[in-house]
Amino acid sequence: MAAAERVAVVTGASSGIGEATARGLAGAGYRMVLGARREDRLMAVARELGGRGLALDVRDLTSIQGFARAIESEYGQVEGSDDDWVQMMETNVIGLLRVTKALLPLLRRAPRAHIVNLGSVAGFEVYPGGVGYTASKHAVRAISKTLRLELVGEPIRVTEIAPGMVETEFSLVRFKGDRERAAAVYQGMQPLTGADVADCIVWAVTRPPHVNIDELVVRPIAQATTRDVARKP
């Protein structure tokens with residue numbers, strides 16, 4: 001596609017790097033859609049570049065949604081559910097942080113302790129349609145690694161278990177109870193079970209006290225990456 005047929009959406013376009021980027025892309029022939037909080041400056045830049053200026057405050061969900069609706073004709077349907085993203089972040093990230101914060105004083109009073117966080121291969125890989133989940137699991141990985149640094153020298157081990165495809169209720173929840181779609185995720189291959197992952201956790205926890213398993217990646221043999229899966233007809 002020629003640059004002149006493309007639309008570039010630039011946020012923070014009223015000044016600084018955003019404005020410079022908008023000018024550079026406009027110079028390369030892109031049609032510009034610009035967003036920023038300072039409307040007077042934004043509109044001046046948009047007029048100069050022959051683009052479209054839209055008020056945008058990235059701290060305000062209503063503003064973001066209005067911005068997206070205004071340019072929807074250029075992009076088609078907007079993917080992703082805000083409610084789903086919030087739920088994933090609250091469960092996988094905020095919940096993990098809160099539980100860790102609440103229990104850490106108790107762990108520090110014990111002669112030795114072990115924190116095991118359940119991550120995912122989605123914590124270091126990405127795939128189309130998984131932006132919310134992969135972001136949350138990347139956060140779990142970051143939390144685990146940060147804890148490992150913060151607790152070094154203390155008798156508290158930190159392990160992240162990162163499974164690949166595991167047949168649990170996750171897919172059923174993901175597809176809002178649609179059992180046919182959930183079953184299709186594992187069609188033609190044998191996924192891990194909850195017991196397989198639990199076996200890895202038990203192994204990590206039962207190592208000698210001076211041994212820390214920083215991270216353990218476990219996948220079904222039919223899966224090489226989140227997207228490369230061997231399926232039988």
List the steps, then state whether side chain to side chain donor-acceptor pair (under 3.5 Å) holds for Asp57 with Ser63. CA-CA 6 Å; Asp57 185 346; Ser63 177; over 6 Å; no
Does the pair Thr159 and Ile115 meet the rule for a side-chain contact (heavy atoms from CB on, under 4.5 Å), with working shown? CA-CA 6 Å; Thr159 298; Ile115 298 170; over 6 Å; no
For Thr193 and Glu167: C-alpha separation, side-chain torsions, deciding distance, then whether side-chain contact (heavy atoms from CB on, under 4.5 Å) applies. CA-CA 6 Å; Thr193 66; Glu167 188 169 12; over 6 Å; no
For Arg41 and Ser15, what are the C-alpha separation, side-chain angles and deciding distance, and is it a side chain to side chain donor-acceptor pair (under 3.5 Å)? CA-CA 8 Å; Arg41 175 61 183 165; Ser15 64; over 6 Å; no
Mind running side-chain contact (heavy atoms from CB on, under 4.5 Å) on Asn117 and Leu147 for me, showing each step along the way? CA-CA 11 Å; Asn117 290 332; Leu147 275 173; 4.3 Å; yes
Do Val140 and Leu96 pass the side-chain contact (heavy atoms from CB on, under 4.5 Å) test, and can you show the C-alpha distance, the side-chain angles, and the key distance before you say yes or no? CA-CA 8 Å; Val140 171; Leu96 174 59; 4.1 Å; yes
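Of the inter-residue distances, the one linking Phe124 atom CZ with His138 atom NE2 reads 9.0 Å to the nearest 0.5 angstrom. Of the inter-residue distances, the one linking Gln190 atom CD with Lys232 atom NZ reads 8.5 Å to the nearest 0.5 angstrom. Between the CG atom in Leu34 and the CZ atom in Arg47 there is a gap of 11.5 Å [rounded to 0.5 Å]. Taken to the nearest 0.5 Å, the CZ atom of Arg108 stands 12.5 Å off from the CG atom of Leu103. From Met88, atom CE reaches atom OH of Tyr133 across 9.5 Å, with rounding to the nearest 0.5 Å. Taking CD1 of Ile161 as the start and CD1 of Ile213 as the end, the distance is 8.5 Å to the nearest 0.5 Å.
Enclosure of atom CD1 in Ile17 is not indicated, since only 12 or fewer non-hydrogen atoms of other residues, nucleotides or ligands lie within 6.0 angstrom. Counting heavy atoms of neighbouring residues, nucleotides and ligands inside a 6.0 Å radius, atom CZ of Arg227 does not exceed 12 of them. More than 12 heavy atoms of other residues, nucleotides or ligands sit less than 6.0 Å from atom CG of Leu149.
Closest non-hydrogen pair, Arg157 versus Val205, comes out as NH2-O, 2.8 Å. Nearest heavy-atom pair, Val10 versus Gly18, reported as atom, atom and distance to 0.1 Å: CG1-O, 3.4 Å. A pairwise comparison of heavy atoms in Met89 and Ala135 identifies CE-CB, 3.6 Å as the closest pair. The minimum heavy-atom distance linking Phe67 with Ala55 is given by the pair CD1-O, 4.2 Å. Residues Val126 and Thr226 come closest through the heavy atom pair O-OG1, 3.7 Å. Contact detail for Val166 and Gly194: the closest heavy-atom pair is CG1-N, 3.9 Å.
Residues Met32 and Val45 fail the side-chain proximity criterion, which asks for heavy atoms closer than 4.5 Å. Looking at Leu56 and Leu42, their side chains never come closer than 4.5 Å, going by heavy atoms from C-beta outward. Contact check for Asp196 versus Pro220: no side-chain heavy atoms found under the 4.5 Å cut-off. Annotation: side chain of Arg52 is not in contact with side chain of Arg31 (no heavy-atom distance under 4.5 Å). The closest side-chain heavy-atom distance from Leu104 to Ile156 is below 4.5 Å.
Under the 4.5 Å side-chain heavy-atom criterion for Ile, Leu, Val, Met, Phe, Trp and Tyr, Leu118 and Ile143 are members of distinct hydrophobic clusters. Under the 4.5 Å side-chain heavy-atom criterion for grouping Ile, Leu, Val, Met, Phe, Trp and Tyr, Val93 is not connected to Val121 through any hydrophobic cluster. Under the 4.5 Å side-chain contact rule for hydrophobic residues, Val158 and Val99 do not share a cluster.
Between the side chain of Gln223 and the backbone N or O of Met165, at least one donor-acceptor pair lies under 3.5 Å. Side-chain atoms of Thr225 come within 3.5 Å of backbone N or O of Asp228 as a donor-acceptor pair. Side chain of Arg231 to main chain of Gln187: a donor-acceptor pair is present (N/O by atom type, distance under 3.5 Å, no hydrogens or angles). Proximity of a side-chain donor or acceptor of Tyr186 to a complementary backbone N or O of Leu192 within less than 3.5 Å is not detected. Listed for the Arg207 side chain is a donor-acceptor partner under 3.5 Å among the backbone atoms of Trp203.
With respect to the salt-bridge test (charged N to carboxylate O, under 4.0 angstrom), the residues Glu160 and Lys145 do not qualify.
Within the structure, salt bridge (charged side-chain N to carboxylate O under 4.0 Å, His left out) pairs that include any residue of residues 118-128 comprise Glu125-Arg219 (at least two apart or interchain).
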